[in-house]
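Note on naming: letters A, B, ... go to the chains in the order of the sequence lines (proteins, then strands), and numbering restarts at 1 for each one. These numbers come from the heavy atoms of this one structure, side chains and all, not from hydrogens, waters or symmetry mates.
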Amino acid sequence: MIRHHPSEATLLAYAAGRLPEPHRIVLRTHFALCPACAQTVRLATEIGGALLDEATPAALSAGSLARTLDRLDLRDPAVPAAPVPVTVAALATGRWRWIGPGLRMMSLRPRDAHDARLDLIRVAPGMELPSHGHTGTELTCVLQGAFRDETGVYAVGDVAEGDDTLEHRPAAMPTDETCVCLIATTGRLRAQSWLVRLIQPLIGV
Amino acid sequence: MNGLLDLSDRTTRLPDTIGMSCDPASWIRAIAERGDRAAFVSLFNHFAPRVKSFLMRAGLPAERAEELAQDTMVMVWRKAARFDPSAGSASAWIFTIARNLRIDAARRDRLAAAEADAIEDSPPPPPADTLFDAMERADRVRRAIALLPAEQAEVLRLSFFDDRPHSEIERALGIPLGTVKSRLRLAMARLRSLLDELR
């Protein structure tokens, strides 16, 4: 039972193609477990189609149709082949880096041109992270176990959405299972703790 | 209200191919079944100028927008057999192709060949109980958007066209981010209930 969903604003931005790739991967992980959000994205895609229909047609350059017709029977490289979907499993080939006691991270996508990155984080049961915020947006999807912070308890499939106003202190639930989360972030970590600020450059967050 | 937010070009309605009814789904089927070039021309005449316009409004320069509009139509030709009218309308399908090409082009422009793998952001297939006629659905969505309160329709459009983060949209609209988000939530809720009423 999914209890925490991405905001409508985020789902619309996904459908509009306006989210960085790491955030799209986190959302697709959620959609696989959440028919309701998958349904919302389909509706948002229909909205995109309706807005396309009502767009004022722009004048095309002379010969635009003829040039396109000429390309129909070519296998030209100008149009990329059908893209291959990326799965988390296919990306998770790196190693778990030790960050602190009971805390490891694996980088799946390094910081890209949108300042976005994708990581897996693994937190031992009951382990609490130091209080921190973010300068950008953070999308987290729980893959295993559960965690809680000031905004609620998050279990498998749940998405936590944080922006630069969120200041939280997440902790893995004290169950048998290690908590594993997929996290897409833009911007940097903001932390009060001198210890976190000290290790920040080392772990690149 | 400033010019940026003048979204009044919502007068254009679907049928515009002279003397022909506009049925994009059947054109796509004709392409899939028999490589029908006349159907492609109809589809091109309807959608290519709109895809170009859409991409320009999303911030692409005219020349780039036209290239991608042509690429989109070539993709439509090649992938016609994969169009599934039970999964969504023709307009939504073509919108998805254009959107993915734009994402892909932006990525290649920035990252060159470093990114070998690409991602297809198609919405997941619908569960069987939500299937209904694609034409009817597209039409209902269009009518529902037209019935939305103006400020809700506006945030909805901005989230598609205005290629800026919400923090800048909030500045443009002069309302706080929380309000943009809650307005979007209201717009989607209203849209859903309108869709139920129009069924």
Residues 58-69 of chain A vs chain B, non-hydrogen distance cutoff under 4.5 Å, contacting residues -> A:Ala58, A:Ala59, A:Leu60, A:Ser61, A:Ser64, A:Leu65, A:Arg67, A:Thr68, A:Leu69
Under a 4.5 Å cutoff for heavy-atom pairs, which residue among B:Arg185, B:Met73, B:Met188 has the most contacts with chain A? B:Met188
Show the nearest heavy-atom pair for residues [X] and [Y], with the distance to one decimal.
{"X": "A:Ala16", "Y": "B:Phe160", "result": "CB-CD2, 3.7 Å"}
{"X": "A:Gly17", "Y": "B:Arg102", "result": "O-NH2, 4.1 Å"}
{"X": "B:Ser91", "Y": "A:Leu52", "result": "O-CD2, 3.8 Å"}

How far does [atom1] of [X] sit from [atom2] of [Y], to the nearest 0.5 angstrom?
{"X": "B:Ile145", "Y": "A:Asp53", "atom1": "CD1", "atom2": "CG", "result": "10.0 Å"}
{"X": "B:Phe54", "Y": "A:Glu54", "atom1": "CZ", "atom2": "CD", "result": "9.5 Å"}
{"X": "B:Leu195", "Y": "A:Glu46", "atom1": "CG", "atom2": "CD", "result": "9.5 Å"}
{"X": "A:Arg24", "Y": "B:Ile103", "atom1": "CZ", "atom2": "CD1", "result": "4.0 Å"}

Inspect the contact between [Y] and [X] and indicate whether a charged nitrogen and a carboxylate oxygen are less than 4.0 angstrom apart.
{"X": "B:Arg78", "Y": "A:Asp73", "value": "no"}
{"X": "A:Glu161", "Y": "B:Lys181", "value": "yes"}
{"X": "B:Arg183", "Y": "A:Glu8", "value": "no"}

Is it the backbone or the side chain of A:Thr137 that comes under 4.5 Å from a heavy atom of chain B, or both, or neither? neither
Does any backbone or side-chain atom of A:Leu43 lie under 4.5 Å from a heavy atom of chain B? Answer side chain, backbone, both or neither. side chain
More than 12 foreign heavy atoms under 6.0 Å from CD of B:Glu151: is that the case here? yes
Who among A:Ile47, A:Leu72, A:Leu51 has the most heavy-atom pairs with chain B under 4.5 Å? A:Leu72
Do A:Arg42 side-chain atoms and B:Ala87 backbone N/O form a donor-acceptor pair below 3.5 Å? no
Could you verify whether a donor N or O on one side chain and an acceptor N or O on the other, from A:Thr56 and B:Arg50, lie under 3.5 Å apart? no
